[in-house]
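Worksheet: the structure to be examined is printed underneath.
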Amino acid sequence: MAWTREQMAERAAKELRDGFYVNLGIGIPTLVSNYIPRGMSVQLQSENGMLGFGPFPYEGEEDPDLINAGKQTVTEISTTSYFSSADSFAMIRGGHIDLSILGAMQVAENGDLANWMIPGKMVKGMGGAMDLVAGVKKVVVVMEHSAKNEPKLLKNCTLPLTGAGVVDMVITDLGVFTIDKKGGGGMTLIELAPGATLDEIRAKTQASYHIANVL
Amino acid sequence: MQKVYPDPRAALAGLLRDGMMIMAGGFGLCGIPEQLILAIRDSGVKNLTVVSNNCGIDGVGLGILLDSRQIKKMISSYVGENKTFAQQYLAGELEIEFNPQGTLAERIRAGGAGIPAFFTRTGAGTQIAEGKEQREFDGNRYVMERGLIADLSIVHAWMADTEGNLVYRKTARNFNPMMATAGKVTVAEVEHLMQPGQINPDHIITPGLYVQRLVHVPNAVKHIEQRTLRKRTAPAGTGEEV
């Protein structure tokens, strides 16, 4: 059995470290907040201008002035701070955020990422994704390994890029890959999901990759 | 100089003309200057270029100016919540210039700070960089982006004094402070209007020199775009939707 969405989020949470400032994208990445280990201090950043946010509010306590970047109502915690969008992206662009976890349509073996538009379809916009992948210290992609039998881990992205050479790690339902985006060492499969096999990954991956010795 | 105007229409009187560029604060429906947007609709001004992170939703916020076909072009980072937007765009009636959200915020900040252009890594190697000057600094590729100045900025603040000093509330701050600096004229709608001296000067986010006109909107209705709740029984931190 491959990993479920929840298990992919749980695996992504293993990239968290005590003291980290983290930005989580919409979808599976949002679920990562459920797996922050007890006793670990992790502050979540929301790019609309909030650092340190809590869970969704109880009914009757929702506040229109208190939302996350997905426009969902959230809550304040004891460490919360608020700031403008310019300050928020100064944090992001300036390399002050430790980890960004986000979804993707395609990732290439050199770390290129495509997740914001499909030519010919209505384009909604990139929001803060281009800034996050260009500025955050470590970028982790969480996505399904393939979409309708089309591989998503490619030699080259065919969709317009969100960032060139920006992804450090990809977690799919079948396993975990690292990408040596700076050193040019390519992509390496470092973990298999329970039940996934090297053969299955080979069949569903267009990108070339090394296989870590442990496998 | 009297900055306080009796209503949104009066606060915009003489400032609106066809074809102008307007910056509108807010993120989603949070911190939007909704009463000023309604007054712009009522004025009938047309062919507007609007700089705003989003374009409201159908029938709310800037979505109102789409319904009335007063917007010619949007400069935004994300417009996914709006069916009218998609229809007008696909029919060729509406232009869109997408900016990465941080680039948009910095273009506005730079414009207000007298910086005509800056270099950012955001978008390097993507189609956003096409046609723009690029330079290498310290081994990395950067894209030149221009500062933005608007004919008019409209912002929403939680509290102000009659001098125009502004205080924002929680995430309703978002784009409002930069936009207040980048309008040739800035008009602020404020929920609470105080006398000078009633706001702690240490708490002021936007100094009054950026704000030319003010209007008090004590009964403004605020909207929630995604009402996400936690069950009373759920353990803290699960963020479960109901």
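Below, chain A is the first sequence line, B the second, and so on; all start at residue 1.
Partner A:Asp65 forms a side chain to side chain donor-acceptor pair (under 3.5 Å) with one of B:Lys170, B:Arg169, B:His156 and no other, that one being B:Arg169.
Considering CG of A:Asp131 and OG1 of B:Thr103, their distance stands at 5.0 Å, rounded to 0.5 Å. Summarising the geometry, atom CE belonging to A:Met130 is positioned 10.0 Å from atom CG belonging to B:Asn99; distances are rounded to the nearest 0.5 Å. Taken to the nearest 0.5 Å, the CD atom of A:Gln72 stands 10.5 Å off from the CG atom of B:Leu229. A:Met126 CE to B:Gln101 CD: the interatomic distance, rounded to the nearest 0.5 Å, is 10.5 Å. For the atom pair OG of A:Ser88 and CZ of B:Phe27, the computed distance is 9.0 Å after rounding to the nearest 0.5 Å.
Heavy atoms closer than 4.5 Å to chain A are found nowhere in B:Asn176, neither backbone nor side chain. For A:Asp112, no part sits under 4.5 Å from any heavy atom of chain B, backbone or side chain. Looking at A:Glu76, the atoms closer than 4.5 Å to chain B (heavy atoms on both sides) all sit in the side chain, from C-beta outward. Residue contact with chain B, scored on non-hydrogen atoms closer than 4.5 Å, is absent for A:Ile92. A:Val123 touches chain B through backbone and side chain together, each having a heavy atom under 4.5 Å away.
The candidate with the highest count of non-hydrogen atom pairs below 4.5 Å against chain B, out of A:Gly165, A:Ala134, A:Ser85, is A:Ser85. With chain B as partner, the option from A:Glu61, A:Glu59, A:Glu62, A:Met50 having the largest number of non-hydrogen pairs under 4.5 angstrom is A:Glu62. Of all the listed residues (A:Gly127, A:Ala114, A:Gly70, A:Pro160), the one sharing the greatest number of non-hydrogen pairs under 4.5 Å with chain B is A:Gly127. The residue among A:Ala164, A:Ala86, A:Ser81 with the most heavy atom pairs within less than 4.5 Å of chain B is A:Ala86. Among the candidates B:Asn54, B:Ile96, B:Asn53, the residue making the largest number of heavy-atom pairs closer than 4.5 Å to chain A is B:Asn54. The candidate with the highest count of non-hydrogen atom pairs below 4.5 Å against chain B, out of A:Thr162, A:Val74, A:Asn48, A:Leu31, is A:Asn48. Your options are A:Val133, A:Thr73, A:Leu161, and the one with the most heavy-atom pairs under 4.5 Å with chain B is A:Thr73. Residue with the most contacts toward chain A among B:Gly31, B:Ala172, B:Cys30: B:Cys30 (heavy-atom pairs, distance under 4.5 Å).
Closest non-hydrogen pair, B:Tyr78 versus A:Lys71, comes out as CD2-NZ, 3.9 Å. Smallest separation of non-hydrogen atoms from A:Pro57 and B:Thr228: CD-O, 3.2 Å.
Counting only residues at least two apart or in different chains, side-chain hydrogen bond (donor to acceptor under 3.5 Å, both in side chains) contacts with residues 176-188 of chain A comprise A:Asp168-A:Lys181.
Judged by distance alone, with hydrogens and angles left aside, the side-chain atoms of A:Ser84 form no donor-acceptor pair with the main-chain N or O of B:Asn174 at under 3.5 Å. Side-chain atoms of A:Arg93 come within 3.5 Å of backbone N or O of B:Gly102 as a donor-acceptor pair.
With a 4.5 Å cut-off on side-chain heavy atoms, A:Thr75 and B:Arg230 count as touching. At a threshold of 4.5 Å between non-hydrogen side-chain atoms, the residues A:Phe89 and B:Glu106 do not count as touching.
Within a 6.0 Å radius of OH in B:Tyr89, other residues, nucleotides and ligands contribute 12 heavy atoms or fewer. Open room surrounds NZ on A:Lys124; 12 or fewer heavy atoms of other groups in view lie less than 6.0 Å from it. Within a 6.0 Å radius of NZ in B:Lys83, other residues, nucleotides and ligands contribute 12 heavy atoms or fewer. The local environment of OH in A:Tyr21 is sparse, with at most 12 non-hydrogen atoms from other residues, nucleotides or ligands closer than 6.0 Å.
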Can you check side chain to side chain contact (heavy atoms under 4.5 Å, CB included) on A:Ile67 and B:Glu225, steps first, answer last? CA-CA 9 Å; A:Ile67 63 169; B:Glu225 204 166 323; over 6 Å; no
Under 3.5 Å, which donor-acceptor pairs do the side chains of residues 199-206 of chain B form with other protein atoms, sequence neighbours left out?
unit_1	atom_1	unit_2	atom_2	d
B:Asn200	OD1	B:Asp202	N	2.9
B:Thr206	OG1	B:Tyr168	OH	2.6

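Scanning residues 122-130 of chain B against chain A with a 4.5 Å non-hydrogen threshold yields B:Thr122, B:Gly123, B:Ala124, B:Gly125, B:Thr126, B:Gln127, B:Ile128, sorted by number. Within residues 108-120 of chain B, the residues having any heavy atom closer than 4.5 Å to a heavy atom of chain A are B:Arg109, B:Thr120, listed by residue number.
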